[in-house]
Number of protein chains: 2
Amino acid sequence: MNKEVCMKHACVKSASSEHVKRATPPSFLLKTHTLVEDPPTNDIISWNDQGTTFIVWRPVELARDLLPTLFKHSNFSSFVRQLNTYGFRKVASGRWEFHHNMFRRGERQLLCEIQRRKAWDSKLPQSLVKTTMKESNDHQRFSSSMSSSPSSYVSLSYENKRLKRENGDLCVELASTKKKCNELLNLVAFHLNSKKMVVEQRPKLFGVWLDLPQEKRREHEEFSENMSALSSQC
Amino acid sequence: MNKEVCMKHACVKSASSEHVKRATPPSFLLKTHTLVEDPPTNDIISWNDQGTTFIVWRPVELARDLLPTLFKHSNFSSFVRQLNTYGFRKVASGRWEFHHNMFRRGERQLLCEIQRRKAWDSKLPQSLVKTTMKESNDHQRFSSSMSSSPSSYVSLSYENKRLKRENGDLCVELASTKKKCNELLNLVAFHLNSKKMVVEQRPKLFGVWLDLPQEKRREHEEFSENMSALSSQC
DNA sequence: ACAAATATTCTAGAACC
DNA sequence: GGTTCTAGAATATTTGT
């Protein structure tokens, strides 16, 4: 019996990492399955005709009246996030109908086959600690807020207030700097264009610009190249 | 010749597609700002007291009654997705209150500063600095030694960390923007100087510049004035 | 108690329109 | 640029030993 289940599962999840069959399904799946099966709430959430998907007919009522009784929230979006975490997919369009191969009417035992996603990082619980936080020095030196590490709730609170203020100030200054940068760019683009006109309209004699020596023209070209580089970043 | 033409286009295109103030903000921002300002719907969505954030008091009613009149849907989650796309952040918890530095009561013109975020724009909000398990444990050890409101200390600590990260990112971007601004300025100053030399050395005959008509000289003077105004701020 | 697993929240990616 | 569906990431809570 157990062997059969494991075999079947191995076939289905051939490309993924192996998994161990759970003794009891996650409570989210149990609660949701019970909810869908429950006849009194079929006007809010129910199976489709074949019992292969379930449909949320009234998301507002589900969120307001049912979710809080099962979970610690009343947000439809949190419910959907959980469904996606367990691999459910919304089917078709226009209504909140979800499907999972192992989520079917009357087949409660199948829930054990459903795996929560993103559990793949449970392999090395402590080896991550060693090196990953070494280079926070770079951005530290930019901020005046890094001078001391607060050791109490009160100082943390004060620092938070200050950080928020600094943050707002930085946003404003950044916006203003970007604005000036762009004004500069526009101004220069216009100016460059007008100079180009002057240069091109200047009379040429014997293949030489009358009043613009070679070095000036080279300057102009370098300027154009620099402008091009800068404008692509600003 | 072709080079200069391309150059001009590069400038103009860059200017219009990046940080230059748009003529009209995206309709989403205009509609949302109008919606928040509208007094009759203040029981559903309104400014906070200071006019620095807005609060959705009744998400269900907003989705059902208001969203369809402005957009082509009636999903609260789609509305939230748009807010995030434009850089709004949910503030605090427990209610749908959103903030953006450039989204304020009565300041409709500020909307032009708001940039829609795209895939390649993942630098500012994202940070390389990862929370490590060690740091987490430090916080927990700290909080468990606190006699009063340990969870508050922990969340304050998390927020503190996030603020510092954002602060550092902002500083980096600000420094980079200022640097570009200065490079632009230097480039332009040099260019301006060389042009001035050319202009002043040009022969004058009967009180008239030989090859620089009056309008060009006026342009040049206006340009210089604009430049000096900008350089004093940058 | 501790670390892992799960749950909840908020934000972003990506496909499609 | 907008809408939809799914996933990432941070935080909070529960569970297993």
Side-chain angles (χ1 to χ4, degrees), chain A residues 22-32 67-68 70-99 114-126 128-129, chain B residues 17 22 24-32 67-68 70-99 115-127 129-137 139-141 143-144 150-152 154-159 161-162 165:
Chain A
R22 303 170 50 103
T24 76
S27 69
F28 171 79
L29 295 175
L30 283 174
K31 288 173 177 175
T32 302
L67 293 187
L70 299 172
F71 311 110
K72 290 193 302 297
H73 66 85
S74 56
N75 300 311
F76 188 64
S77 58
S78 293
F79 179 64
V80 173
R81 183 68 192 93
Q82 280 284 69
L83 290 173
N84 286 140
T85 296
Y86 281 100
F88 286 75
R89 318 292 298 217
K90 191 169 185 281
V91 302
S93 58
R95 62 180 184 185
W96 298 98
E97 183 174 0
F98 294 92
H99 173 262
I114 300 178
Q115 275 204 293
R116 184 178 222 269
R117 288 183 175 176
K118 198 174 179 273
W120 324 109
D121 44 13
S122 59
K123 316 165 36 175
L124 301 177
Q126 59 192 16
L128 299 173
V129 178
Chain B
S17 65
R22 302 166 46 113
T24 76
S27 69
F28 172 79
L29 295 174
L30 282 174
K31 288 173 177 174
T32 302
L67 293 187
L70 298 172
F71 312 110
K72 292 193 297 292
H73 66 87
S74 57
N75 301 310
F76 187 64
S77 58
S78 293
F79 179 64
V80 173
R81 182 70 192 91
Q82 279 284 69
L83 291 174
N84 287 140
T85 296
Y86 282 99
F88 286 75
R89 317 292 296 219
K90 192 169 186 282
V91 303
S93 56
R95 62 180 182 183
W96 298 99
E97 181 173 4
F98 294 92
H99 172 262
Q115 301 276 131
R116 183 190 172 87
R117 283 204 231 181
K118 266 313 179 183
W120 42 266
D121 200 6
S122 57
K123 34 175 211 144
L124 179 59
Q126 266 298 19
S127 172
V129 184
K130 286 278 184 182
T131 299
T132 66
M133 188 171 302
K134 183 179 187 311
E135 286 168 327
S136 266
N137 290 338
H139 287 305
Q140 284 187 337
R141 243 177 273 128
S143 67
S144 58
S151 67
S152 288
V154 172
S155 30
L156 207 56
S157 187
Y158 278 125
E159 187 183 29
K161 202 184 303 181
R162 185 179 54 76
R165 211 168 46 217

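In what follows, every chain begins at residue 1, and chains take the letters A, B, ... in the order their sequences are listed.
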Quiz item: For the residue pair W96(A) and K90(A), what are the closest heavy atoms and their distance?
Solution: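 Heavy-atom minimum between the residues: CE3-CE, 3.4 Å.
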Practice problem: Heavy atoms only: give me the nearest L29(B)-F88(B) pair and the separation to one decimal. | Solution: CD2-CE1, 3.8 Å
Mind checking [X] for me? I need base, sugar-phosphate or nothing, with any heavy atom below 4.0 Å counting as a touch.
X      : result
R81(A) : base
Y86(A) : sugar-phosphate
T85(A) : nothing

Quiz item: Among side-chain atoms of R81(B) and T85(B), is any donor-acceptor pair under 3.5 angstrom?
Solution: yes
I want to check one thing: is the phosphate of [N], taken as OP1 and OP2, less than 4.0 Å away from some side-chain N or O of [X]?
X      : N      : result
N75(B) : dT4(D) : yes
R89(A) : dT4(D) : no
N84(A) : dC5(D) : no
K72(A) : dA7(C) : no

May I have the distance from [X] (atom [atom1]) to [N] (atom [atom2]), rounded to whole angstrom?
X      : N       : atom1 : atom2 : result
L30(A) : dT14(D) : CG    : P     : 18 Å
L83(A) : dT9(C)  : CG    : P     : 14 Å
F79(B) : dT4(D)  : CZ    : C1'   : 16 Å
F88(A) : dT6(D)  : CZ    : P     : 12 Å
F76(B) : dT4(D)  : CZ    : P     : 14 Å
H73(B) : dT4(D)  : NE2   : C1'   : 10 Å
L70(B) : dG1(D)  : CG    : C1'   : 16 Å

Of the listed nucleotides [options], the one nearest the side chain of [X]:
X       : options                 : value
R116(B) : dA7(C), dG2(D), dT6(D)  : dG2(D)
W96(B)  : dC10(C), dA7(C), dG1(D) : dC10(C)
Q82(A)  : dG2(D), dT6(D), dT8(C)  : dT8(C)

Practice problem: Can you measure from CZ (F98(B)) to CZ (R89(B)) and round to the nearest 0.5 angstrom? | Solution: 11.0 Å
Quiz item: Can you tell me how far CZ of R116(B) sits from CZ of F28(B), rounded to the nearest 0.5 angstrom?
Solution: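 One gets 9.5 Å once the value is rounded to the nearest 0.5 Å.
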